[in-house]
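Only one structure is covered here, and it is reproduced in the block below.
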Amino acid sequence: MAASTSNAASRPRILTGDTPTHTGLHLGHWVGSLENRVRLQDEYDCFFLLANMHAYTTLAEEPARIRANTLGILRDWLAAGIDPDRSTIVLQTEIPAIAELTWFFAMLLPFNRVMGNPTIKTEIELKNLGDTYSFGFPMYAVGQCADILAFRPELVPVGEDQEAHIEMCRAVAGKFNQVYCGVGNRVPPEEHVKAGGVFPVPKAKLGRVSRLIGIDGVNKMSKSLGNAIFLFDSAAEVKKKVGKIFTGRQSPTEPGKPDNVLMQFCDAFLPAARAAELRDKYVRGDNIGDGHIKMELTDAINVLLEPMRQRRAKLETAEGEAMLVDLLKVHTRRANAVAEETLAMAKKAMKLDYFPRSLGF
Ligand code: TRP
């Protein structure tokens with residue numbers, strides 16, 4: 001394993017996160033990112049960000065909803081297997097270094113680059129924001145660079161839709177290192193820290209399945225399209241939803257399409273060898289009905305989700321909520337220790353190291 005660029009003595013770092021504009025993680029989130037996060041906790045020092053400030057870009061007038069969603073996502077994470085003893089939860093609004101770095105980074109990015117960011121453009125379209133979105137809305141893309149770089153991670157596990165943001169983050173890190181740390185513009189990104197840069201130039205890490213299709217068999221799985229299987233659907237709901245998948249196939253002997261929705265689900269949720277075996281029979285129409293495959297899929301999905309449902313139930317109680325807030329408090333301290341260290345390094349490079357400061361909590 002490569003030595004950490006941030007602290008050679010410890011595990012290399014990861015940062016990623018979710019925006020609490022909604023709760024209700026689904027299987028698309030699982031295979032696209034969450035599964036990766038849970039697994040990476042062994043090898044990496046992980047920081048998982050609740051991007052609650054970003055939720056204000058579109059929900060500024062609904063603070064109660066943002067708060068409920070923030071705690072909701074934290075519950076989902078813990079239930080899904082994020083381990084607070086090994087990983088650090090970052091509550092964005094309590095990490096002042098993120099907001100401060102956002103300002104400085106905003107000066108290093110051309111305005112048109114932010115506005116031309118394909119993820120921002122798509123979001124404006126998909127969410128029908130027209131030309132009424134707030135000044136702060138496109139700012140979140142700059143803020144996201146600060147979310148990441150405040151923790152100086154090597155990797156950022158994200159879905160495909162976030163790649164443009166990671167690209168921008170890499171650009172900002174590189175530019176900062178060149179402008180303020182004297183890193184030459186021919187130094188390759190992976191060597192910026194060695195060459196004196198404050199920021200490692202982080203890489204995106206895509207999940208196993210970057211685009212899981214929904215049960216409608218047409219669109220990407222998404223809460224708003226009503227084609228999602230949620231991580232906290234009951235076993236019976238999972239069965240019902242998988243049952244609804246429609247392939248248009250008439251009989252067990254009709255050759256099936258190798259990449260239809262059912263086959264994509266097999267790839268995502270069955271062991272690779274079993275998925276290959278099923279596909280082989282399926283495309284030949286070798287007496288294998290959709291119903292049979294659906295049963296096998298339902299079982300596999302329920303085996304995956306059952307431990308999550310059990311952990312989730314424990315977190316739903318009133319004591320559960322107090323426990324979450326306590327956890328956030330402890331983790332905020334941990335997160336600020338790292339982010340403040342980064343900010344001090346950045347300010348030093350920017351000749352802003354007039355005197356040291358401490359947050360006092
Ligand atoms: N924009 C991301 C999303 O909507 C959430 C996010 C905020 C994030 N800051 C981040 C993801 C930093 C990775 C790294 O999914």
Side-chain angles (χ1 to χ4, degrees), residues 13-26 28-37 40 44-59 66 69-70 72-74 76-77 80 82 87-95 97-99 101-102 105-106 114 117-127 129 133 136-173 199-207 210-212 220-224 335 338-339 342:
R13 286 191 194 137
I14 273 180
L15 179 128
T16 187
D18 292 323
T19 308
T21 38
H22 57 82
T23 50
L25 298 178
H26 54 59
H29 295 121
W30 175 258
V31 292
S33 167
L34 203 51
E35 172 193 51
N36 227 344
R37 298 181 195 179
L40 292 167
Y44 291 88
D45 185 12
C46 295
F47 292 82
F48 298 118
L49 172 93
L50 293 161
N52 61 336
M53 192 173 310
H54 292 189
Y56 281 79
T57 60
T58 54
L59 297 176
I66 297 176
N69 288 348
T70 302
I73 289 192
L74 178 55
D76 288 357
W77 284 355
I82 301 287
S87 301
T88 303
I89 309 293
V90 182
L91 181 59
Q92 191 180 42
T93 45
E94 300 313 310
I95 312 296
I98 291 177
L101 287 171
T102 301
F105 292 159
V114 179
N117 176 309
T119 302
I120 295 279
K121 282 173 112 170
T122 314
E123 257 176 301
I124 290 173
E125 265 170 48
L126 286 181
K127 296 183 181 165
L129 301 179
Y133 54 83
F137 176 75
M139 266 287 281
Y140 98 75
V142 184
Q144 184 154 339
C145 300
D147 296 336
I148 297 169
L149 295 177
F151 296 89
R152 288 171 286 138
E154 289 188 2
L155 285 185
V156 188
V158 283
E160 213 171 35
D161 62 321
Q162 296 292 306
E163 273 185 300
H165 290 334
I166 311 308
E167 243 347 281
M168 227 170 76
C169 176
R170 288 170 58 82
V172 166
F199 296 109
V201 182
K203 290 203 184 90
K205 181 175 171 63
L206 293 180
S210 56
R211 182 186 184 277
L212 182 69
K220 182 176 160 178
M221 189 175 279
S222 134
K223 182 176 180 161
S224 52
V338 176
T342 306

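In this chain, residues are counted from 1 in sequence order. Just follow the structure's listing: the first ligand is 1, and inside any ligand the first atom is 1.
Ring geometry for Y133 versus F137: interplanar angle of 30 to 60°, hence tilted. In this pair, H29 and H22 present their aromatic rings parallel. The plane angle is below 30°, not in the 30 to 60° band.
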May I have a table of the N/O to N/O pairs between ligand 1 and the protein that fall below 3.5 Å, each row giving the two atom names and the distance to 0.1 Å?
unit_1: ligand 1; atom_1: 1 (N); unit_2: Q144; atom_2: OE1; d: 2.8
unit_1: ligand 1; atom_1: 1 (N); unit_2: Q162; atom_2: OE1; d: 3.1
unit_1: ligand 1; atom_1: 4 (O); unit_2: T19; atom_2: OG1; d: 3.2
unit_1: ligand 1; atom_1: 9 (N); unit_2: D147; atom_2: OD2; d: 2.6

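In this structure, a donor-acceptor pair under 3.5 Å is absent between the side chains of Q144 and H54.
Rounding to the nearest 0.5 Å gives a distance of 5.0 Å between CZ of R152 and CZ of R13.
Residues meeting the side-chain hydrogen bond (donor to acceptor under 3.5 Å, both in side chains) test with S33, sequence neighbours left out: R37.
Looking at T19, its side chain never comes within 3.5 Å of a backbone N or O of T21 through a donor-acceptor pair.
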